[in-house]
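Below is one structure; the comments refer to it alone.
So you know, we letter chains A, B, ... as the sequences are listed, proteins then strands, and number each from 1.
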2 protein chains.
Amino acid sequence: MNLKEFSQKIGISQTTISRALNGYPEVSDATRRKVEEAAIRHNYSPNVRAKSLATGRSMLIGHVIPAANTHEMVNPIFGDFLAGASHTYTQRGYDMLISRATDAGEAKTYRDLIAKAAVDGIVVQGPSVNDPRIAVLTDLGIPFVVHGRASQVDVPYSWVDVNNRQSFKRATDFLLDLGHRRIALLNGLETMDFAQRRRQGYEESLGARGIAADTGLMRSAEMTETYGYFETRALLAQDAPPTAFLVASLITANGVARAIAEAGLVIGKDVSVVTHDDDLSYLPNGSDIPVFTATRSSVREAGRIVADMLIDAIGQPHKAPQTVLLEAELVVGQSTGSAPHKG
Amino acid sequence: MNLKEFSQKIGISQTTISRALNGYPEVSDATRRKVEEAAIRHNYSPNVRAKSLATGRSMLIGHVIPAANTHEMVNPIFGDFLAGASHTYTQRGYDMLISRATDAGEAKTYRDLIAKAAVDGIVVQGPSVNDPRIAVLTDLGIPFVVHGRASQVDVPYSWVDVNNRQSFKRATDFLLDLGHRRIALLNGLETMDFAQRRRQGYEESLGARGIAADTGLMRSAEMTETYGYFETRALLAQDAPPTAFLVASLITANGVARAIAEAGLVIGKDVSVVTHDDDLSYLPNGSDIPVFTATRSSVREAGRIVADMLIDAIGQPHKAPQTVLLEAELVVGQSTGSAPHKG
DNA sequence: GGGCGTTTCCAAAGCGCTTTGGATAAATGA
DNA sequence: TCATTTATCCAAAGCGCTTTGGAAACGCCC
């Protein structure tokens, strides 16, 4: 049913219906109620295509899935981040449009999305160190918010990030306080900005106690379970194995735990593990007592904040970029204990 | 830039440009090339809102995130399924619109999506046993494809599913052949259709060997790591503990493994584990040799197939519903071995 | 009854595209 | 050379809504 038909059916003019449904003040409460009720009864909703053509706004937020090498890993935080963001979108009348980057590159995908007038704003996920997308989007002049930050980008832009440096500094401090001196770092891919910052926090903490960071104890890769397993196995087989592991994700931490168990060691006693925990809904870190001591920050909550900031920015195009720095909490679980005394 | 401006800039009529860009035969190859090249050079893409208003098609496929209790779990397969589907969408000129079900319910969300003419087709994920969404969508007359099936729904509809019954039957057979007789089943939530089918396969296999399914060995819940851990701990503490576990997801299997290790038992020797593996990109089941013996089926591939079927259905609205039943493969890993002899 | 503010209606333009019918121009064949 | 095909152009309608200007209806007050 379109507006014309609906108008005839309920005997109210198209103008008044449109005004009633869009909250204009010059329509009486009685008529507004009548229209709203009739719309539900007759299942009338304005055609969004026509509406967005007329208003110039699509009420759609674009998310772009990174370029598509067949076997590229899907970021495990993707689902929870989206769930958080979509919570906000629904409340504020938006939907989410997901586009996959074409082979021509992500920048081209953004350009297209905007040239086609498909979305009102864009969310950028997983920024790398000197992420080119930020310059492209700034240039295109569309509202956007980055989940994470990009070092070395000097134009101002809106972002929401966890204080990764600080949280890994605290985690390292925590392990040092427990007497650990050989602490391995199983980091994410260091092309990612967050991984850089985490390493900085780790090195900073060690440096403050006069301990030189040992590159032999540092690893960097995509954060799979097997990565945690194999690197831990290799590290534990060294002459002077680490007594503690600082890990970038709960999934990887599972692999670390597997390798530790397999070596006949007890986690939290022989070897300590601290991991970052994105608080994914399908991957809770234990129930009442956490399995792993962790730096925890909800990625779902981050999604919610990013979405709110973006919609605000769409409403006020000339406002200066906003930034939000979230602090991760350090939760103590069963995976950490005092460093073992040397036999 | 809009069509009018673009037309003036390159000195070709709007009609011809439109025809060239949409592949109509009455435009010469030379002009078509000229238009396409100029479009790239001047960064012109037709406004999708206007285009879809004119054509009546949005080139958008709707996915709906289930109703939003604040802490509801995000399905971990969500990301990979979307990645698979979006691969197809991109190839065939579609994008994905994700909407979250409102508190008024998912049916209402579908109705809205269609009344608003926002999408050309819909993907239904995670069907429950007698899923009401299928009747709603059939009624609304929009093309849709279900990932999974819904028992007890008798109208024909298009679906793509793994043969869950068969794969859990095979897995149980496999454990029985190894001499196991007390096999625990850590199933997913049995409101979900797939969980029902898996239990049927399990019971069928036991039945064929004259073994009665023991409800004391069967569990059903959301497939988290902690669920696997706590249930396994409880089961192993029983008087006659199971010697094998059949598990619904790799994440849960991690919890199972943790409880087994904690009990001082060796997986694959003292206790065997078989799990279903959705082949998620961020959760590989080991590298060359699988960690867990598993029934494996790629959810990403399923996403690709679902998307292709849906787009086909949009192009041929009166074609009969199609169905695809995928067989899971049984891969043997390090988590299974002969049943231990009784001390 | 006149005047006034409020509410509703009517008609039409505009959003940017597709699609159609008919005109025009250019290339081709007899 | 004229008729015929082929390629392009022009003008306009239509997709379904919003938005505007101006007119009409309504209730209310003095």
Length of the [atom1]-[atom2] vector between [X] and [N], whole Å:
| X | N | atom1 | atom2 | answer |
| --- | --- | --- | --- | --- |
| A/N2 | D/dT18 | CG | C1' | 14 Å |
| A/R49 | D/dT18 | CZ | P | 15 Å |
| A/R57 | D/dT19 | CZ | C1' | 15 Å |
| B/F6 | C/dG16 | CZ | P | 16 Å |
| A/N47 | D/dG16 | CG | P | 7 Å |
| B/E5 | C/dG16 | CD | P | 8 Å |
| A/K51 | C/dG16 | NZ | P | 18 Å |
| A/Y44 | D/dG16 | OH | C1' | 8 Å |

Side chains of A/R100 and B/T90, donor plus acceptor under 3.5 Å
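No donor-acceptor contact under 3.5 Å links the two side chains.
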Side chain of A/L3 - closest among D/dT18, C/dG16, C/dT18
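Selected nucleotide (nearest to the side chain): D/dT18.
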With the side chain counted from C-beta on, respond yes when [X] and [Y] share a heavy-atom pair under 4.5 Å apart, and no when they do not.
| X | Y | result |
| --- | --- | --- |
| A/T102 | A/D112 | no |
| B/N130 | B/V153 | yes |
| A/K51 | A/N22 | yes |
| B/M192 | B/S128 | yes |
| A/Y157 | A/R149 | yes |

Roughly how far, to the nearest 0.5 Å, is CG of B/L113 from CD1 of B/I122?
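If I round to the nearest 0.5 Å, the distance is 5.0 Å.
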Point-to-point distance, once rounded to the nearest 0.5 Å, from OG1 of A/T55 to CZ of B/R49
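Result: 6.5 Å between the selected atoms.
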May I ask you to list the residues of residues 11-29 of chain B, by number, that have any heavy atom positioned under 4.0 Å from an atom of DNA chain D?
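Per residue number, the list reads B/G11, B/I12, B/S13, B/T15, B/T16, B/R19, B/E26, B/V27, B/S28.
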Within residues 33-42 of chain B, find the residues that approach DNA chain C with a heavy atom at under 4.0 Å, and present them sorted by residue number.
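Correct list: empty, so none.
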Using modelled atom types and a 3.5 Å cut-off, is there a donor and acceptor pairing between side-chain atoms of A/S158 and backbone atoms of A/Q322?
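Confirmed, A/S158 side chain pairs with A/Q322 backbone.
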